Amino acid sequence: MMRLSPFTYLAPRTLAEAADLLAEHGRQTPTMVVAGGTDLFPNMKRRQQEPKVVIGLRGVPELRGISTDRDGWTLIGATTTLAQAARDPHLGQQYPALAHAAHAVSTPHLRTTGTLGGNLCLDTRCNYYDQSYHWRKSVDFCMKRPESNPAAICWVAPGSPRCWAVSSSDCAPVAVALRARFRLVSAAGERIVEAGDFFRDDGIEYLARRPDEILAQILLPPTDRSWRTVYLKLRRRGSFDFPILGVAASVKRGNSTVEDARLVLGAVGSAPVDATELAQSLIGAEPTTEAVDAVAAQAYRGARPLDNTDLNYAWRKKMARVYVRRALADAARLDLHHDSGQVGAALL
Amino acid sequence: MPRMILACTVNDEPVEALIQPYQTLLDVLRDTIGLTGTKEGCGTGDCGACTVHLDGQPVCSCLVLAMQARGRAVRTIEGLAEGDALHPLQDAFVRFGAAQCGFCIPGVLMSAAALLAENPSPTEEEIRYGIAGNLCRCTGYTKMVDAISEVAGAAGGKA
Ligand SMILES: Cc1cc2nc3c(=O)[nH]c(=O)nc-3n(C[C@H](O)[C@H](O)[C@H](O)COP(=O)(O)OP(=O)(O)OC[C@H]3O[C@@H](n4cnc5c(N)ncnc54)[C@H](O)[C@@H]3O)c2cc1C
Ligand code: FES
Ligand code: FES
């Protein structure tokens, strides 16, 4: 059985203390923060990540809870659990797509532990990386975790200079579509980054977060009923499984025409893919099936899933078209009568 | 590595144990406290065999550090029955023949118990959803769902 290798565990009580500990230990030793541990601990058991100091964030009250500020922004503490986010009445009413994405993650037990912040900082995933130490050793280590092999390659695209591990967070594409911002806190100060700038298209350096920074809050801009955001998730089983495709679509409608539209694809690259430019062709007209189909066809051409997650990648590419079409139509309140097939999983 | 003192309750009994900070709750329950009813299937969150309640919430004990249970209430499969009287869910699982090899059953029972505590009259879909974090490699879940439905029905549920 796989066990965690030894580490020192620190449990700060304030955000400032957590940031100081991260800066201080991070200078000398591999140090990581942990929130729910539902990503980090499996990775540590498989020796994909091996911090010697682990800083637990769950005892920091400032990092919990959901509130609103004077300007109508919604502020979500990073260690709010996915279960809390999924059933929060305010999120359910104002940002149902985010609540739905949180609800679509993993399993009921993991959502009582896993957090929204941890979901947004989720390590990228790949069939050649998410394996035990012995498995990886036997095929030879890949470049995301090369161990002592300086010439380690990417097993998915051996000729490529980069790592193609996949951003597999359900909430990340929704956060980008909602134009969320993230508050990052370190011992040196704090800054706010746009969700779209937080994720980097690189399987190894997948976040713009510095190693000494803690994601403290997720800030959601005010919204109103003219906007509708939808998240659709594709996976093999209706539970447990990570997305192999996620589509977040947002459409703002005036009386009859589309006033604004956004489209973000998850689990097709090392970062959420912002395809908003394509969706903007809907602006200024009444939404029609043909217009939505045209966006879906373009998004399909742009989606380039690789053979490094579950199920056949050519089929996943085809499904990008189907899911973009359904998500955009739903967000635009457009009825696709004939498309009555089951969307996503039965349990969602 | 300096050991730490874990003080919590397990099945309503106060427990103190000297443990390593990197031990999981599952390891401490099984190896230190000797409660081996909770099973380890995968160790990575993929099966639910290790499900216990932490302050009433179902969690995968293979992914929770034991130290995270400090000051909290842990309930395991050993604490589901009251004395010699089986919990109604355990009784129903026996009568319905819900178990085959039985390895997943402690986890399924803990999930079902957490579900009924929160929602005493779940629909069949809600029951299936409540145990959606538990893998069973032997059965087709049908008898488990029937057994849970019966208990929910007896408690005034719709089943
Ligand atoms: C069986 C299984 C199925 C899963 N299915 C899904 C799924 O369908 N969809 C999905 O999106 N995820 C899935 N997950 C992954 C994971 O459970 C979730 O993404 C969860 O939300 C991670 O949150 P956490 O708090 O447990 O993260 P942790 O494990 O605590 O942390 C994850 C990473 O983020 C960093 N981190 C955490 N919090 C912060 C912070 N505040 N600031 C800076 N860095 C931070 C950690 O250092 C670590 O690198 C699954 C996991 C398992 C084991
Ligand atoms: S042993 Fe914990 S989920 Fe499988
Ligand atoms: S009865 Fe054997 S795994 Fe469920």
Side-chain angles (χ1 to χ4, degrees), chain A residues 1-11 34-48 50-59 79 81-84 86-87 103-114 118 130-132 235 237-242 345-348, chain B residues 1-4 6 19-27 30-31 39-72 107-108 110-112 114-115 118-119 125-135:
Chain A
M1 276 299 160
M2 293 185 290
R3 290 286 172 272
L4 294 167
S5 44
F7 57 80
T8 301
Y9 182 65
L10 304 171
V34 69
T38 63
D39 175 46
L40 183 63
F41 293 149
N43 284 3
M44 287 177 66
K45 287 186 177 186
R46 293 184 292 250
R47 307 292 185 261
Q48 294 158 257
E50 290 189 278
K52 297 287 169 246
V53 177
V54 173
I55 301 172
L57 299 178
R58 295 295 291 278
T79 64
T81 64
L82 295 165
Q84 286 162 345
R87 63 164 180 257
H103 184 68
V105 173
S106 62
T107 68
H109 321 27
L110 292 169
R111 291 194 297 274
T112 61
T113 324
D130 293 294
Q131 301 288 351
S132 67
R235 55 175 162 180
R237 302 171 290 183
S239 186
F240 284 102
D241 291 336
F242 284 86
L347 293 169
L348 300 183
Chain B
M1 213 64 58
R3 291 182 177 233
M4 297 169 113
L6 165 67
I19 62 160
Q20 296 287 5
Y22 49 86
Q23 278 183 293
T24 63
L25 181 57
L26 176 68
D27 292 343
R30 286 182 58 89
D31 303 342
K39 303 300 179 205
E40 175 164 22
C42 61
T44 49
D46 294 282
C47 76
C50 63
T51 308
V52 301
H53 297 176
L54 195 54
D55 289 338
Q57 298 271 324
V59 299
C60 290
S61 61
C62 70
L63 295 183
V64 172
L65 295 181
M67 283 317 289
Q68 288 172 316
R70 184 158 44 176
R72 300 170 74 180
V108 177
M110 295 313 283
S111 297
L115 169 71
E118 196 181 295
N119 175 4
E125 197 180 335
E126 286 167 338
I127 291 172
R128 288 188 177 274
Y129 197 57
I131 59 169
N134 297 88
L135 270 196

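A note on names: the letters A, B, ... follow the listed sequences, proteins ahead of strands, and every chain is numbered from 1. The shown structure was predicted, so the numbers you read here are calculated from the model rather than taken from an experiment. Side-chain atoms are counted along with the backbone in the values below, which use heavy atoms only and exclude waters and symmetry mates.
If you measure heavy-atom distances from B:Q68 to chain A, the contacts under 4.5 Å come from the side chain alone. Only the side chain of B:Q57 comes within less than 4.5 Å of a heavy atom of chain A; its backbone N, CA, C and O stay farther away. If you measure heavy-atom distances from B:L135 to chain A, the contacts under 4.5 Å come from both the backbone and the side chain. Heavy atoms of B:C62 lying under 4.5 Å from chain A belong to its backbone as well as its side chain.
Summarising the geometry of A:L110 relative to B:C60, their closest heavy-atom pair is CD2-SG, 3.9 Å, with the distance given to 0.1 Å. Residue B:M4 comes nearest to A:Y9 through the heavy atom pair CE-O, 4.1 Å, listed as atom of the first residue, atom of the second, then distance. B:G133 and A:S239 get closest at one heavy-atom pair: N-OG, 4.4 Å. Of all non-hydrogen atoms in B:A132 and A:F240, the two that sit nearest each other are O-CE1, 3.2 Å. For the residue pair A:P108 and B:G130, the shortest heavy atom distance occurs at CG-O, 4.3 Å. When every heavy atom of A:T112 is checked against every heavy atom of B:V59, the shortest pair comes out as OG1-CG1, 3.6 Å.
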Are B:Y22 and A:V54 close enough, and set up right, to give a side-chain contact (heavy atoms from CB on, under 4.5 Å), and what steps lead you there? CA-CA 9 Å; B:Y22 49 86; A:V54 173; over 6 Å; no

One pair to check against side-chain contact (heavy atoms from CB on, under 4.5 Å): B:T24 and A:K45. What are the steps and the verdict? CA-CA 11 Å; B:T24 63; A:K45 287 186 177 186; 4.2 Å; yes

Using side-chain contact (heavy atoms from CB on, under 4.5 Å), reason through A:T113 and B:L54 one step at a time and then give a plain yes or no. CA-CA 10 Å; A:T113 324; B:L54 195 54; over 6 Å; no

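Residues A:H109 and B:N134 meet the side-chain proximity criterion, which asks for heavy atoms closer than 4.5 Å.
Within the model, atoms CD1 of B:I131 and OG1 of A:T107 stand 12.5 Å from one another, a figure rounded to the nearest 0.5 Å. Atoms CZ and CG, on A:R3 and B:D27 in that order, are 4.0 Å from each other to the nearest 0.5 Å.
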